[in-house]
2 protein chains.
Amino acid sequence: MTIKEVCRKFDVSADTLRYYERVGVIPEVHRTAGGIRDYSAEDLNWVATAICFRSAGMPIELLIEYVKLFREGDETFGARRDLLIEAKERILAERKKYDDALEKLEYKISKYDEAVRTGVLKWDEEGSCK
Amino acid sequence: MTIKEVCRKFDVSADTLRYYERVGVIPEVHRTAGGIRDYSAEDLNWVATAICFRSAGMPIELLIEYVKLFREGDETFGARRDLLIEAKERILAERKKYDDALEKLEYKISKYDEAVRTGVLKWDEEGSCK
DNA sequence: ATACACCTTAGAGTCAACTCCAAGTCAATG
DNA sequence: CATTGACTTGGAGTTGACTCTAAGGTGTAT
């Protein structure tokens, strides 16, 4: 699979894919005799994983560390598991912030719905919201 | 309330608070006669809102737009509501990505737990994960 | 009244994560 | 076999969101 096809498949730029490979967010991608990237199923899987974790706010550094451990072989199973558990904790903590913001938004939207209907914006407590 | 106290209260740097005010993420903060910031309850409320939305990944530009509408007065109730609804949609979409990543992580962690116990890492489908 | 900690501004610097560019190579088509 | 379009690399540039620095003002405790 060419880089262009991978771009379309994952809606990501070729520059980003090359960047990920260059810095080690994914391992080296398979090449043709001429040196052109030809993504295998396994390469695609790495790309999918990288994009999935990046979309959830995981820093590139963490992904690089994971790939580094992967390259070191089977002795790093434990370290890789620990890293994934840390990633999970981080994402759970981040998601909580999203839930907090959503709660605040629900409240504000309900007050603005009222304001649009009545022409008056009124919060439950003094100075509690804007 | 001094800037230092606000920093402690929200665990944010004074530079960030001044930056938020400068670019318009929050309206101008009340000052003492000498020109020193003295955050009112309302100012604190704006700070809390800004930090909450920023923690949920909302770009500064959106917050600036909201404050701009707020400053324009009561004719912008509708526009402010629409902007909040857009923010909600964005955050819901982002949260979905977090959930996807968590699902992937759960799966991988379970496989690594097994790998640590058995010494063998095995995915359900060929090349499905790394 | 003089330290001293803390505040002010404008503007420059930093960092993560891309994104773009120049110069050149590869591969399918007329 | 020449054109065309996509690919390659190394390195420079951009963007969003801070973060720091320099030069100076404020306010309170001795």
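As the structure is a prediction and not an experimental result, all values here were calculated from the model. Chain letters run A, B, ... following the sequence lines, proteins first, then strands; residues in each count from 1.
If you measure from atom CD of B:E21 to atom C1' of D:dT19, you get 17 Å, rounded to the nearest angstrom. In this structure, B:R18 places its CZ atom 13 Å from P of D:dT19, rounding to the nearest Å. Per the geometry, CE belonging to A:M1 stands 17 Å off C1' belonging to D:dC7, to the nearest Å. Counting to the nearest Å, the C1' atom of C:dA5 and the CD atom of B:E5 are 14 Å from each other. As rounded to whole Å, 16 Å separates atom P of C:dA12 from atom CG of B:D15. The separation between A:E65 atom CD and C:dA16 atom P is 15 Å, rounded to whole Å.
Across the interface with DNA chain D, nearest-nucleotide mapping of A:G35 and A:R22 shows A:G35 to be the residue nearer the 5′ end. When the nearest nucleotides of DNA chain C are assigned to B:K4 and A:M58 by heavy-atom distance, the more 5′-ward of the two goes with B:K4.
With C:dC18, D:dT26, C:dT9 as the choices, the nucleotide that has an atom nearest any side-chain atom of B:R37 turns out to be C:dT9. With distances taken from any side-chain atom of A:T2 to the nucleotides D:dC7, C:dT19, D:dA17, the minimum falls on D:dC7. For A:I36, the listed nucleotide lying nearest its side chain is C:dC26; candidates were C:dC26, C:dT8, C:dT19. Which of C:dA17, D:dT8, D:dG27 sits closest to the side chain of A:P59 comes down to C:dA17. In the set C:dC18, D:dT9, C:dT9, C:dT9 carries the atom at the smallest distance from any side-chain atom of B:R31.
No side-chain donor from either of B:D113 and B:S110 sits under 3.5 Å from a side-chain acceptor of the other.
A 6.0 Å sphere centred on NZ of B:K88 holds no more than 12 heavy atoms belonging to other residues, nucleotides or ligands.
When each of A:V25, A:V29, A:L17 is paired with A:V47, the side chain to side chain contact (heavy atoms under 4.5 Å, CB included) condition holds for A:L17 and for no other.
Annotation: B:W46 is not in aromatic contact with B:Y39 [ring centroid separation under 6.0 Å not met].
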